[in-house]
Amino acid sequence: QDLENQIRTGKLQPGERLSPERELMKRHGISYSTVTRAMTELRNAGLIEREWGRGTFVKQHKPMVTDIALAFDEKHRPTDPYLVPIVRGMGEAAGEHGFHWQMFPLLADSIFSAGHDSLFERLLQSGQIDAVLTCSPFPAEDMVRLGELEIPTITICNEYPTVSTPWVIEDVAQGASDLVRHLVDELGHRQIAIPQLQLQVGYAGFGEQLLGFLAGLLDILREAGQLD
């Protein structure tokens with residue numbers, strides 16, 4: 001336990017060689033079996049590693065993600081209904097896990113835009129940002145560049161089929177179904193239209209939204225006994 005505390009508090013630094021086991025026995029007045037059990041527990045916890053012929057050393061640890069950037073383009077504001085739940089969720093998660101996070105509204109539609117020497121880009125290039133969450137459809141080249149910089153990135157867009165960037169999107173089908181229930185059950189509406197611009201019909205989520213509306217209507221009709 002004493003060794004573990006020294007490692008976790010930084011008294012023993014990564015790469016530092018530990019005393020031989022028999023020396024630890026004498027220093028702490030414990031048996032050899034107790035020392036070997038403690039060393040095994042430290043290895044299993046990923047705190048130390050043994051190099052045969054050289055000894056046992058405090059293991060080098062990859063820094064935890066602590067500085068997270070939330071990036072979005074000039075078309076959005078932190079008060080946009082689209083961004084409000086994301087900002088709120090980021091704040092709650094950061095507080096729970098002890099992360100530091102910051103919003104970066106960009107003046108261009110690209111993170112690495114030519115002619116725009118932004119603070120965000122400089123922080124990324126210098127390794128001062130540990131992870132990025134993008135909330136706007138930045139160019140695929142930006143995702144590639146973030147990968148080259150080895151910066152973990154998640155996007156709230158599914159527009160990068162050739163880039164291995166993880167993405168998350170809202171459940172538009174369930175959202176549409178919930179909206180129908182709200183309009184009918186809570187507001188009492190009986191005539192519902194689905195306005196949609198013609199240019200948006202090709203949008204990937206349009207079909208899911210339409211299915212969600214229909215599913216919600218069918219559920220309401222079944223519950224009312226008007227549909228078998």
Side-chain angles (χ1 to χ4, degrees), residues 8 10 14-15 45-47 49 59-176 178 199-209 211-212:
R8 293 193 183 279
L47 297 176
E49 57 186 349
K59 194 171 182 179
Q60 298 280 352
H61 286 281
K62 188 175 181 180
M64 290 182 62
V65 172
T66 54
D67 295 306
I68 303 175
L70 177 64
F72 48 91
D73 61 24
E74 59 183 347
K75 299 181 181 67
H76 296 96
R77 296 291 181 271
T79 53
D80 287 352
Y82 162 71
L83 279 177
V84 166
I86 298 172
V87 172
R88 184 186 303 120
M90 282 284 291
E92 292 174 354
E96 181 179 346
H97 297 284
F99 295 158
H100 173 264
W101 72 285
Q102 186 172 348
M103 290 185 291
F104 287 91
L106 303 178
L107 298 178
D109 57 2
S110 173
I111 297 173
F112 304 98
S113 179
H116 288 82
D117 182 23
S118 68
L119 171 62
F120 185 40
E121 181 177 353
R122 292 198 300 272
L123 291 173
L124 291 170
Q125 299 280 13
S126 61
Q128 296 183 64
I129 298 293
D130 295 307
V132 174
L133 172 64
T134 69
C135 301
S136 297
F138 294 114
E141 292 78 13
D142 283 358
M143 303 300 110
V144 173
R145 180 62 182 139
L146 289 167
E148 292 172 347
L149 292 172
E150 298 184 349
I151 298 175
T153 303
I154 296 178
T155 178
I156 308 180
C157 300
N158 59 344
E159 302 180 6
Y160 307 104
T162 60
V163 181
S164 58
T165 302
W167 54 272
V168 291
I169 59 172
E170 68 278 13
D171 186 345
V172 294
Q174 184 60 49
D178 292 343
L199 292 176
Q200 294 178 306
V201 172
Y203 160 60
F206 175 71
E208 295 181 17
Q209 287 178 336
L211 287 174

**Q** As an exercise, state the distance from CZ of F72 to CG of L106, rounded to the nearest 0.5 Å.
**A** 8.0 Å
**Q** Heavy atoms, side chains only, cut-off 4.5 Å: are R122 and L119 in contact?
**A** yes
**Q** Compare all side-chain heavy atoms of M90 with those of F99 and state whether any distance is below 4.5 angstrom.
**A** no
**Q** At what distance, to the nearest 0.5 angstrom, does NE2 of H100 lie from CG of D67?
**A** 6.0 Å
**Q** Quick one: which of I154, L124, T155, L70 gives a side-chain contact (heavy atoms from CB on, under 4.5 Å) with V132?
**A** L124
**Q** How close do S118 and I111 get, heavy atom to heavy atom, and via which atoms?
**A** OG-O, 4.3 Å
**Q** Can you find a heavy atom in the side chain of L123 that is under 4.5 Å from one in the side chain of F104?
**A** yes
**Q** Would the distance check show the side chain of D73 and the main-chain N or O of S136 forming a donor-acceptor pair, the cut-off being under 3.5 Å?
**A** no
**Q** Apply side chain to side chain donor-acceptor pair (under 3.5 Å) to E92 and list each qualifying residue two or more places apart in sequence or on a separate chain.
**A** none
**Q** Using side-chain heavy atoms (C-beta onward) and a distance below 4.5 Å, is W101 in contact with L133?
**A** no
**Q** Do the side chains of M143 and T153 get nearer than 4.5 Å, heavy atoms only?
**A** yes
**Q** Using a 3.5 Å distance criterion without hydrogens, assess whether the side chain of D130 forms a donor-acceptor pair with backbone atoms of I68.
**A** no
**Q** Under the rule for salt bridge (Lys or Arg N to Asp or Glu O under 4.0 Å), what residues qualify as partners of E148, not counting sequence neighbours?
**A** R145
**Q** Do the non-hydrogen side-chain atoms of Q102 and I129 ever get within less than 4.5 Å of each other?
**A** no
**Q** Ignoring hydrogens, what is the shortest heavy-atom contact between F138 and D109? Give both atom names and the distance.
**A** CD2-O, 3.5 Å
